[in-house]
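Taking it in order: structure first as C-alpha cells, then the write-up.
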Amino acid sequence: MNPTDSGTVPEKLLKPYDPASEESRIYEKWEKSGYFTPENMIKDGLTAPEAEAFTIVLPPPNVTGHLHMGHAMMLTVQDIMIRYKRMAGFRTLWLPGTDHAAIATQSKVEKEIQKSEGKSRHDLGREELLKRVEAFAQASHDTIVNQTKVMGASCDWTREAFTLDEVRTKAVRTVFKSMYEDGLIYRGNRIVNWDPKGQTTISDDEIVHESRKATMYTFTYSKDFPIAISTTRPETKVGDVAVAVHPDDTRYSEFVGKEYDAVFCGVPIHIKVIADKEVEKDFGTGALGVTPAHSMTDWEMADRHDLPRVQVINEYAKMMVGGENLMGKKVTDAREAIVAWLREEGLMQKEEAIDQNVSTAERTGGIIEPLPKLQWFIDVNKPIAERGGKTLKELMREPVANSDISIIPDYFNKTYFHWIDNLRDWCISRQIWYGHRIPVWYKGEEIYTGVEAPEGNGWVQDEDTLDTWFSSGLWSFSTLGWPEQTEDLKIYHPTTVLETGPDILFFWVARMILMTQYALGTVPFKTIYLHGLVRDGKGQKMSKSLGNAMDPLDIAAKYGADAGRMALIMGTAPGTDSRISEDKIKGQKHFANKLWNITRFILTATADMPHDAVLSEEDTIIYEAWRTELAGITADLDSYRLHIASDRLYQYIWKTLADDILESSKPLLASDDALVKASRQKLLTVLLKETITALHPFMPFVTESLSELLGEEKLLMVTPWPTSR
RNA sequence: GCGCUCUUAGCUCAGUUGGUAGAGCAGCGCUUUUACACAGCGAAGGUCGGGGGUUCGAAUCCCUCAGGGCGCACCA
C-alpha cells in the first residue's frame with residue numbers, strides 16, 4: 001500500500017491544511033443552510049419540535065470600533081456551547097446584537113471630531129452630532145458582524161438586535177413608565193458623581209479609583225474657632241456648614257451643639273458642631289468639616305442633622321463663591337489660594353504628604369466632583385407590591401442566593417453579594433446626547449411619561465438620556481420581542497446561559513437580573529459563565545497603547561479561526577485570566593494540520609474497506625475506550641468544563657488516535673487476514689468520524705471541511721452528537 | 001481597611017466530589033526510502049509557596065505566615 005499516490009484521496013488533502021482557503025467558504029455554507037435559525041432545524045427534522053430550548057443571548061459588543069481578543073474569547077466559549085447543544089438535539093438559539101454604548105460611543109466620536117475638525121459637540125449641535133455618531137455606529141456594527149462571522153460564530157442573524165432600535169426603544173420606555181408609576185424611578189435633587197470633563201453624571205460603578213499623592217492640611221476656620229479639621233480639599237471648606245465629631249469623643253463634647261460664625265478666606269460661613277457616629281476619632285484631629293454639597297458622606301450626614309447644603313463648586317469644577325481670589329477659579333487654583341491664606345493667617349497647623357484615592361470617570365478620566373443635581377434615580381430599597389413587597393435589592397439577591405441562578409466559578413457569588421449589600425440608588429440620567437432620551441415630557445407643572453410622546457402642544461421632552469446599562473439591562477427579554485407576548489419569549493426565556501467577563505458583573509449582569517425580576521418576575525438566565533481576561537504572552541493586559549493587542553481577524557488569516565479558538569479555550573478555566581501567544585496559536589494550527597493528515601491516512605487506508613466489515617474483539621476494546629472517553633468529554637461539556645473537554649479531545653486525537661492507533665494499524669492493514677484488515681478499517685473509519693464530530697464545536701471549520709472530504713453530504717454542524725445515537 | 005482569588009516541571013497553565021501529580025511550549029538525544037518535519041520515538045525535569053492541623057490517605061479541606069492579582073470602600 002502506498003497511500004500518497006492513491007487516486008481515492010481528494011487533491012485538497014494532499015497539501016497541508018490551509019484555513020484561509022476554507023473558512024469563509026464554510027461559513028457561507030452554514031449560513032446559507034439556514035440552520036443557525038432553530039425553526040429551520042425543526043422544519044427539516046433535525047431538531048424535535050418538542051425539544052428543550054437552549055438559549056444564549058450574545059452580550060452585545062459596543063459599537064465603538066472592532067472586536068478584540070476578549071470578544072474572541074466570548075464568541076468562542078458561546079459558540080462551543082451552542083454548537084454542542086445544537087448537535088445534542090436542543091432547540092438552540094444564539095441571538096446576536098450590538099450595544100449603542102451611549103457614553104463610550106459618543107465620547108469616542110467627539111474625540112475624533114475634536115481632533116480632525118477642532119469642534120466640540122456644542123459647535124455641532126445635538127442633531128448633527130447624533131448624525132455623526134450614528135454613522136460611526138453603523139460602520140462599527142458592520143465591522144463587528146464581519147469579525148463575528150470570521151470567528152465562526154453560529155448566531156441566528158435573522159434575529160439580530162440593537163439596544164437602540166425600535167423594538168428595544170419600546171421596551172425601554174415601557175419599563176421606564178412602569179417603574180415610574182411604581183415609584184421606583186424618581187427625580188430628585190441629590191448629590192451625584194459629576195464628571196466635569198464629560199459634562200455628565202455617572203453611576204457609582206463607572207468610577208475608577210486612582211491612587212495619587214496629595215497633601216493633607218490641618219487647620220481651623222478662624223482664630224476663634226476651637227476645633228481643627230483635616231482635609232485634602234481646603235477649597236470645599238467654604239461650603240462647610242458643620243464640624244462633626246464622634247459622640248464618644250470627650251475632647252470635643254463641650255462644643256457639641258454650639259454654633260459659630262467665621263469668615264473663611266473672605267467667605268462668611270456658619271458652623272454648627274454636631275456629633276455623628278460615622279466620624280472616626282482616630283483619623284486626623286477626630287473632627288470632620290462637613291461639606292454636604294460636595295461629599296457623599298457629608299450629604300448623608302446633612303440628612304441626619306438637618307443641615308443646609310451650600311454649593312460652592314459648579315459643573316465646570318470652578319468656584320462659585322468668594323471674592324476675586326476664588327470666584328470663577330478652578331478648584332485646584334482655589335485650593336492654592338486658600339492654602340496661602342491659611343498660612344498667612346497663621347491658621348495652618350500641619351501639612352503632610354499622603355497617598356489618596358481619587359475618583360475618576362472611567363470613560364473620560366475626569367476627576368469626579370460630587371455635586372447636588374436634579375437627576376433621575378432608581379430606588380433599590382422600595383418595596384414593590386407586585387413582587388411580594390420585595391425591594392429591587394432583594395429581587396437581585398434572591399435568585400443567586402437560592403441557586404435559581406448559578407455563577408461559574410461559584411466564588412463570584414460572594415463578590416456579587418458584596419456589591420448588592422453596598423448598593424445605593426442608581427442614577428440613570430446622563431447629560432449626553434447619544435442614547436435613549438428619557439421618556440418624560442414637561443408642560444409647566446405637568447409631567448408625563450409614556451411609550452409615545454403626549455398629544456397636544458407645549459410638551460417639552462427631558463433633555464437627558466438614560467444610562468446605557470438601563471437598556472442593556474433589558475437585553476435578555478427585549479431581544480425576544482418584549483413587551484409583546486411573543487412566541488420567542490415563551491420558548492426561549494428565561495435564557496439558559498449568560499456568558500461574559502467578570503468586569504461587567506455589576507454593570508450589566510446584576511442589572512439584567514434587576515430588570516428581568518422586575519419586569520417579568522423571572523430570572524433572565526439560569527447559569528452565568530464568567531470567562532477571564534485575555535492577556536498577552538507576558539501576562540500584560542492587551543491594549544492598543546501597549547501595541548500588544550491581537551486582532552482576531554489577523555489571527556484567523558494567519559493561523560485559522562479554529563486555531564485561535566482552541567488556543568483561547570484549551571487549559572483556560574472559567575474566571576481565570578489566560579495568556580495567549582502566537583506560539584500557542586501556532587500549536588493549534590499544527591493540530592488542525594494533524595487532523596488533515598490523519599484523515600488523509602485513514603481515507604487512503606480504508607478505500608477498499610468491505611461493506612460488511614465488523615469490529616474484531618480487540619478493535620471493539622479500542623472503540624469502547626474511545627466511547628468511555630467521549631462520555632467523559634460529554635459530561636465535561638454538560639458541566640461547562642470546556643477547557644477540559646477540549647484538552648481531552650486534543651490528547652485523544654493526537655496521542656491515542658494518531659500516535660498509537662494509527663501506528664499500530666499499519667501492520668494490521670497490511671495483514672493477509674482479510675477480517676483483521678477489515679476490522680481495523682472499520683475502526684479507523686468510525687473513530688475518525690466520531691472524533692471530528694466531537695471536535696466540531698471547538699474547531700468547526702476544519703472539521704466541517706474534513707466531513708466534506710469524507711463524502712458526507714449532510715453538514716457536520718447538524719450531525720447528531722455521537723453519544724445521542 | 002473589608003472581601004475574593006492565585007502561588008504545581010525552565011516558561012504558560014490544567015487537575016470535577018481528598019486516593020501519593022498532567023499537558024502545551026521551550027530544551028536534550030535519536031529518526032528524514034514516513035499519513036503528517038506544521039512530524040515521530042525516547043529520556044530528563046516537580047519535597048504541588050513556607051509552617052501547622054484534620055484524615056488510613058491532602059495539590060485538593062481547615063488554620064497561619066509570605067508574596068502576587070482583582071473587586072469593593074465616605075478615612076474627611
Side-chain angles (χ1 to χ4, degrees), chain A residues 1-4 6 9 13-18 191 204-205 207 209 216-218 229-233 236-237 240 243-244 278-280 282-291 294-301 354 356-357 359 370 409 411-419 421-424 502-503 505-506 532-533 535 537-539 559 563 566-567 570-573 575-584 586-605 632 635-636 638-641 643-644 646-648 650-651 654-655 658-659 662-663 665-666:
Chain A
M1 182 189 73
N2 186 353
T4 47
S6 162
V9 176
L13 261 183
L14 298 177
K15 286 174 286 188
Y17 175 57
D18 175 29
I191 191 159
D204 294 345
D205 301 285
I207 289 176
H209 295 281
M216 176 76 78
Y217 303 96
T218 302
I229 55 162
S230 297
T231 183
T232 55
R233 298 201 59 190
T236 63
K237 299 290 105 180
D240 279 13
V243 163
E278 286 294 296
V279 181
E280 281 193 40
D282 301 332
F283 186 84
T285 61
L288 163 67
V290 183
T291 324
H294 299 288
S295 154
M296 296 279 176
T297 327
D298 297 4
W299 179 273
E300 286 165 11
M301 216 174 274
I354 59 156
Q356 192 193 217
N357 280 330
S359 304
Y411 56 75
F412 275 104
N413 280 352
K414 289 176 186 166
T415 315
Y416 181 80
F417 293 139
H418 189 250
W419 177 80
D421 296 341
N422 289 301
L423 188 64
R424 305 182 202 212
D503 50 330
L505 184 62
F506 310 137
L533 208 61
R535 298 172 176 277
K538 292 175 192 151
Y559 303 104
M566 272 298 266
M570 218 176 93
T572 303
T576 49
D577 293 354
S578 59
R579 300 188 182 195
I580 188 147
S581 58
E582 291 221 9
D583 273 350
K584 205 168 172 181
K586 202 194 282 172
Q588 294 299 335
K589 180 176 189 280
H590 295 174
F591 180 52
N593 192 54
K594 188 76 184 179
L595 284 167
W596 202 252
N597 286 304
I598 290 169
T599 305
R600 181 199 301 180
F601 177 87
I602 293 179
L603 255 188
T604 310
D636 288 334
D638 285 331
S639 307
Y640 304 111
R641 293 190 294 263
H643 58 304
I644 307 217
S646 54
D647 199 62
R648 289 171 81 160
Y650 181 95
Q651 297 305 328
W654 201 314
K655 299 299 167 200
D659 293 346
L662 252 55
E663 288 307 320
S665 295
K666 285 174 185 174

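Predicted, not measured: the structure shown is a model, and the values here were computed from it. In what follows, every chain begins at residue 1, and chains take the letters A, B, ... in the order their sequences are listed.
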> Between Lys584(A) and C13(B), does any side-chain N or O lie under 4.0 Å from OP1 or OP2?
Replying inline: no

> Heavy atoms, side chains only, cut-off 4.5 Å: are Glu300(A) and Glu278(A) in contact?
Replying inline: no

>> If you define the side chain from C-beta out and look only at heavy atoms, does anything of Phe283(A) sit under 4.5 Å from Leu288(A)?
In response: no

> With nearest nucleotides of RNA chain B determined for Asp659(A) and Phe591(A) from heavy-atom distances, which residue corresponds to the more 5′ nucleotide?
Replying inline: Phe591(A)

>> Taking G10(B) as the reference, what is the distance to G50(B) when you measure between their P atoms (whole Å, please)?
In response: 14 Å

> Is any side-chain heavy atom of Trp654(A) closer than 4.5 Å to a side-chain heavy atom of His590(A)?
Replying inline: yes

> What pair of heavy atoms forms the shortest contact from Asp647(A) to Met570(A), and how long is it?
Replying inline: OD1-CE, 3.2 Å

>> In the structure I gave you, are the side-chain heavy atoms of Ile229(A) and Asp240(A) within less than 4.5 Å of one another anywhere?
In response: yes

> For Lys15(A), which contact category applies under a 4.0 Å heavy-atom criterion: base, sugar-phosphate, or nothing?
Replying inline: nothing

>> For Pro370(A) versus Ile191(A), what's the shortest heavy-atom pair and its separation?
In response: CB-CD1, 3.8 Å

> Under the side chain to side chain contact (heavy atoms under 4.5 Å, CB included) criterion, do Lys666(A) and Phe601(A) qualify, and how do the steps go?
Replying inline: CA-CA 10 Å; Lys666(A) 285 174 185 174; Phe601(A) 177 87; 3.8 Å; yes

> C25(B) phosphate, OP1 or OP2: any side-chain N/O from Lys586(A) under 4.0 angstrom?
Replying inline: no

>> Can you check the distance between A43(B) and A26(B), where both ends of the measurement are the C1' atom (answer in whole Å)?
In response: 16 Å

>> Nearest whole Å is fine: how far is A35(B) C1' from His590(A) NE2?
In response: 17 Å

> Looking only at atom types and distance, does a side-chain atom of Ser639(A) sit under 3.5 Å from a main-chain N or O of Arg641(A), one as donor and one as acceptor?
Replying inline: no

> Between Asn413(A) (CG) and G3(B) (C1'), how many Å, whole number?
Replying inline: 14 Å

>> Do Phe506(A) and Thr415(A) make a side-chain contact, defined as non-hydrogen atoms from C-beta onward lying under 4.5 Å apart?
In response: yes

> What's the CG-P distance between Asp647(A) and C25(B), to the nearest Å?
Replying inline: 12 Å

>> Taking C25(B) as the reference, what is the distance to G42(B) when you measure between their P atoms (whole Å, please)?
In response: 16 Å

>> What contact category does Lys414(A) fall into here, base, sugar-phosphate, or nothing, at under 4.0 angstrom with non-hydrogen atoms?
In response: sugar-phosphate

> Starting at CZ of Arg579(A) and ending at C1' of A26(B), how long is that distance when rounded to a whole Å?
Replying inline: 15 Å

>> Looking at Lys655(A), I'd like to know whether one of its side-chain N or O atoms comes within less than 4.0 Å of OP1 or OP2 on G24(B).
In response: yes

> If we only count heavy atoms from C-beta on, is the Ser578(A) to Arg535(A) side-chain gap below 4.5 Å?
Replying inline: no

> Trp654(A) CH2 to A35(B) P: how many Å, rounded?
Replying inline: 16 Å

>> Rounding to an integer number of angstrom, what distance separates U8(B) and A14(B) when you compare their P atoms?
In response: 10 Å

> Given atom OH of Tyr650(A) and atom P of A23(B), what is their separation to the nearest angstrom?
Replying inline: 12 Å

> Are Asp204(A) and Leu423(A) close enough that some pair of their side-chain heavy atoms sits under 4.5 Å apart?
Replying inline: no

>> Categorize Ala635(A) for me: base, sugar-phosphate, or nothing, with a 4.0 angstrom heavy-atom threshold over every strand shown.
In response: nothing

> Rounding to the closest angstrom, what is the interatomic distance between A76(B) and U16(B) at atom C1'?
Replying inline: 49 Å

> Under a 3.5 Å cutoff on both atom distances, Watson-Crick or G-U, what's the dot-bracket for RNA chain B ([ ] crossing, | other strand)?
Replying inline: (((((((..((((.....[..))))..((((.......))))......(((((..]....))))))))))))....

>> Heavy atoms only, 4.0 Å cut-off, all strands: where does Thr576(A) land among base, sugar-phosphate and nothing?
In response: sugar-phosphate

> Would you say the side chains of Glu582(A) and Tyr559(A) form a donor-acceptor pair under 3.5 Å?
Replying inline: yes

> How far, in whole Å, is G27(B) from U12(B) if one measures between their C1' atoms?
Replying inline: 15 Å

So which protein N/O to nucleotides 15-19 of chain B N/O distances come out below 3.5 Å?
from: G15(B); atom 1: OP1; to: His643(A); atom 2: NE2; distance (Å): 2.8
from: U16(B); atom 1: O2; to: Arg641(A); atom 2: NH2; distance (Å): 3.0

>> Taking the P atom in each of C65(B) and G29(B), what is the distance between them to the nearest angstrom?
In response: 48 Å

>> How would you summarise protein contacts on nucleotides 67-76 of chain B per nucleotide, using B for base, S for sugar-phosphate only and - for none, with heavy-atom distances below 4.0 Å?
In response: ----BSBBBB

> In whole Å, what separates the C1' atom of G15(B) from that of G52(B)?
Replying inline: 25 Å

> Once you round it to whole Å, what is the distance between C1' of C4(B) and CG of Leu505(A)?
Replying inline: 12 Å

> Side chains of Arg579(A) and Asp577(A): closer than 4.5 Å at any heavy-atom pair?
Replying inline: no

> Expressed in angstrom and rounded to an integer, what is the separation of Trp596(A) atom CH2 from A37(B) atom C1'?
Replying inline: 19 Å

